[in-house]
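Numbers here simply count residues along the sequence, with the first being 1. Since we're looking at a predicted model, the values are computed, not measured. Below, each value reflects all heavy atoms present in this structure, side chains not excepted, and no hydrogens, waters or symmetry copies.
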Amino acid sequence: MLGCPSLIFIQGKLDHGIVPFMGSAFDVSTIPFNKGFSHLFGDANILHATDDNSLQLHLNQNTGSGFKSSDLYNHGLFSAKIKLPSDYTAGIVVAFYTTNQDVFKKTHDELDFEFLGNIKGKAWRFQTNMYGNGSTHRGREERYTLWFDPSKEFHRYTILWTNKNIIFYIDDVPIREIVRNDAMGGDYPSKPMGLYATIWDASDWATSGGKYKTNYKYAPFIAEFSDLVLNGCAMDPLEQVVNPNNCDEKDVELQKAVFSRITPRQRMAMKRFRAKYMYYSYCYDSLRYSVPPTECEIDPVEQRRFKETGRLKFNRHHGGHGHRHPKIRSTSQLLDARNSQNEDED
């Protein structure tokens, strides 16, 4: 039987002043795997707990593995407690994300947590991203390091998506908020999405531009997932013409929930996190966007920390352009990811 954490939120102050909050922000029901999910690939590498509330995704020399929600959801709260692989994990990508690419091939939407493999002793790096209506050439990446070792214990990772805003949480700390505005148009995700999780080998680009490869001496690489949450308006995965009115009641419920509003204390924690741990922001990448996208709020003080590439000046941290599944992006986009990664190398 897989091990499960008894406590996610750690009382008190963590490193560098990042404070998780005890409380009911995520007081929502979890769902057993067989009630809301199915295997995506690598069936033999997916191990389930006897209570069906947690599972492991394994990566070995033969294959990685992944799972997905059985339904698509028109907005929702998507969450899981996750423990990442330990030791040497260069070249490995673990992703927790929402997408609808299986249904909307050329106009898909997507929201991502993407964790990139690390070299033992180095801080874990990850990114969040948003795509709307197939706008993969207008990715909205932000890249960060973590203030804890995600392989030592479980932490809760959450994506909130409503028709007004998107919030990424780690435990009870919001790390990023995207507020919808009319000028974003179709770049804001608007079609039903499913929840996915994967682990796979991305040796050719994931860690320092492919400099450090996956070392199967340390296999199997194991990502553990527990207490999965699917809190949204379920839609038929085959229903490509969506009637938004069908989910009005659920949308109102989500927008009124505690987790949809960032408290002043949480906003301070988010500001501290972003000041300390964010090392790339698309909003300050003037080489990529001569005019920042409309949702960007340019802070002159924050802007001075970044080069025109959107990366920190005198940067000591490094990161990459994440990716969830080997088949999900084009060759040109993967080359762009590798180039981005190379720019971050020592």
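- Under the side chain to side chain donor-acceptor pair (under 3.5 Å) criterion, Tyr196 pairs with Asp102, not counting sequence neighbours.
- Closest heavy-atom contact between His58 and Pro220: ND1-CB, 3.8 Å.
- Environment of CG in Asp182: sparse, with no more than 12 heavy atoms of neighbouring residues, nucleotides or ligands closer than 6.0 Å.
- Using a cutoff of 4.0 Å between basic side-chain nitrogens and carboxylate oxygens, Arg180 and Glu295 are not scored as salt-bridged.
- Closest approach of Ile167 and Pro174 over heavy atoms only: CG2-CB, 3.9 Å.
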Query raised in the report: Passes salt bridge (Lys or Arg N to Asp or Glu O under 4.0 Å), Asp171 versus Arg156? Steps please.
Result: CA-CA 5 Å; Asp171 294 330; Arg156 181 169 288 283; over 6 Å; no

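- One finds the OH atom of Tyr277 at 9.0 Å from the CG atom of Leu146 (value rounded to the nearest 0.5 Å).
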Requested in this report: Determine, step by step, whether Asn163 and Gln255 satisfy the side-chain hydrogen bond (donor to acceptor under 3.5 Å, both in side chains) criterion, reporting the C-alpha distance in whole Å, the side-chain angles of both residues, the deciding distance to 0.1 Å, and the verdict.
Outcome: CA-CA 9 Å; Asn163 60 13; Gln255 291 168 21; 2.5 Å; yes

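- Side-chain contact between Arg138 and Met130: absent, with no pair of heavy atoms (C-beta onward) separated by less than 4.5 Å.
- Using a cut-off of 4.0 Å between Lys/Arg side-chain N and Asp/Glu carboxylate O, Arg261 and Glu177 are scored as not salt-bridged.
- In this structure, Phe96 has its ring center no closer than 6.0 Å to that of Phe78.
- No side-chain heavy atom of Leu116 sits under 4.5 Å from any side-chain heavy atom of Phe126.
- Between Phe273 and Trp147, the ring planes are perpendicular. Angles over 60° get that label, and only those under 30° would be called parallel.
- Note that the CE atom of Met270 and the CD1 atom of Ile170 stand 12.5 Å from one another [nearest 0.5 Å].
- For Tyr157 and Phe113, the ring centers are positioned less than 6.0 Å apart.
- Using the six-membered ring where Trp is involved, His48 and His39 have ring planes that are parallel, under 30° apart on the 30 and 60° scheme.
- With respect to the salt-bridge test (charged N to carboxylate O, under 4.0 angstrom), the residues Glu153 and Lys83 do not qualify.
- Atom OH of Tyr216 is separated from atom CG of Asp201 by 3.5 Å, given to the nearest 0.5 angstrom.
- Sorted by first and then second residue, the salt bridge (Lys or Arg N to Asp or Glu O under 4.0 Å) pairs involving residues 34-50 (not counting sequence neighbours) form an empty list.
- For the residue pair Gln101/Asp109, the side-chain donor-acceptor check at 3.5 Å is not satisfied.
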Query raised in the report: Yes or no on salt bridge (Lys or Arg N to Asp or Glu O under 4.0 Å) for Glu141 and Arg288, after CA distance, side-chain angles and deciding distance?
Result: CA-CA 12 Å; Glu141 299 96 332; Arg288 187 177 184 184; 2.6 Å; yes

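- Between Tyr131 and His108, the ring planes lie tilted relative to each other; the angle falls in the 30° to 60° range.
- Rounded to the nearest 0.5 Å, atoms CE (Met193) and CE (Met235) are 13.0 Å apart.
- Inter-residue side-chain proximity for Leu40 and Thr198 is flagged as met; some heavy-atom pair is nearer than 4.5 Å.
- Side chains of Val94 and Thr89 form no contact here, defined as non-hydrogen atoms less than 4.5 Å apart.
- With ring centers used as reference points, Phe33 lies under 6.0 Å from Phe67.
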Requested in this report: Take Asp204 and Lys213 through the test salt bridge (Lys or Arg N to Asp or Glu O under 4.0 Å) and record every step on the way to the result.
Outcome: CA-CA 7 Å; Asp204 58 341; Lys213 310 293 185 181; over 6 Å; no

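- The residue from Thr30, Leu195, Asp71 that alone fulfils the side-chain contact (heavy atoms from CB on, under 4.5 Å) condition with Leu230 is Leu195.
- Checked by atom type, the side-chain pair Ser86/Ser151 shows no donor-acceptor distance below 3.5 Å.
- Under the 3.5 Å distance criterion, the side-chain polar atoms of Ser69 are left unmatched by any main-chain donor or acceptor of Gly194.
- Of the residues Leu254, Val252, Leu77, the one that meets the side-chain contact (heavy atoms from CB on, under 4.5 Å) test with Thr162 is Leu254.
- Under 3.5 Å, the side chains of Asp285 and Tyr280 contain a donor-acceptor pair of N or O atoms.
- Residues Tyr88 and Ile222 fall into different hydrophobic clusters, defined by Ile, Leu, Val, Met, Phe, Trp and Tyr side chains chained together at heavy-atom separations under 4.5 Å.
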Report task. Let me see the working for Thr128 and Tyr144 under side-chain contact (heavy atoms from CB on, under 4.5 Å), right down to the final yes or no. Result -> CA-CA 9 Å; Thr128 60; Tyr144 333 81; 2.6 Å; yes

Query - Evaluation steps, side-chain hydrogen bond (donor to acceptor under 3.5 Å, both in side chains), between Tyr284 and Glu308 - result: CA-CA 6 Å; Tyr284 299 112; Glu308 60 181 357; over 6 Å; no

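- Side-chain contact between Tyr188 and Lys164 is absent, with no heavy atoms from C-beta onward closer than 4.5 Å.
- Cluster membership check: Ile178 shares its hydrophobic cluster with Ile159, using side-chain heavy-atom separations under 4.5 Å among Ile, Leu, Val, Met, Phe, Trp and Tyr.
- Contact detail for His75 and Trp161: the closest heavy-atom pair is N-CZ3, 3.0 Å.
- Contact annotation: the side chain of Pro292 never approaches that of Tyr282 to less than 4.5 Å [non-hydrogen atoms, C-beta and beyond].
- Separation of atoms CG (Asn129) and CG (Leu111) is listed at 9.0 Å; rounding is to 0.5 Å.
- Closest non-hydrogen pair, Ala80 versus Leu228, comes out as CB-CD2, 3.5 Å.
- Lys191 and Asn74 share no side-chain donor-acceptor pair at under 3.5 Å.
- Rounding to the nearest 0.5 angstrom, the gap separating the CE atom in Met278 from the CZ atom in Arg311 is 13.0 Å.
- Thr214 and Ser203 are linked by a side-chain donor-acceptor pair at a separation below 3.5 angstrom, with hydrogens and angles left out of the test.
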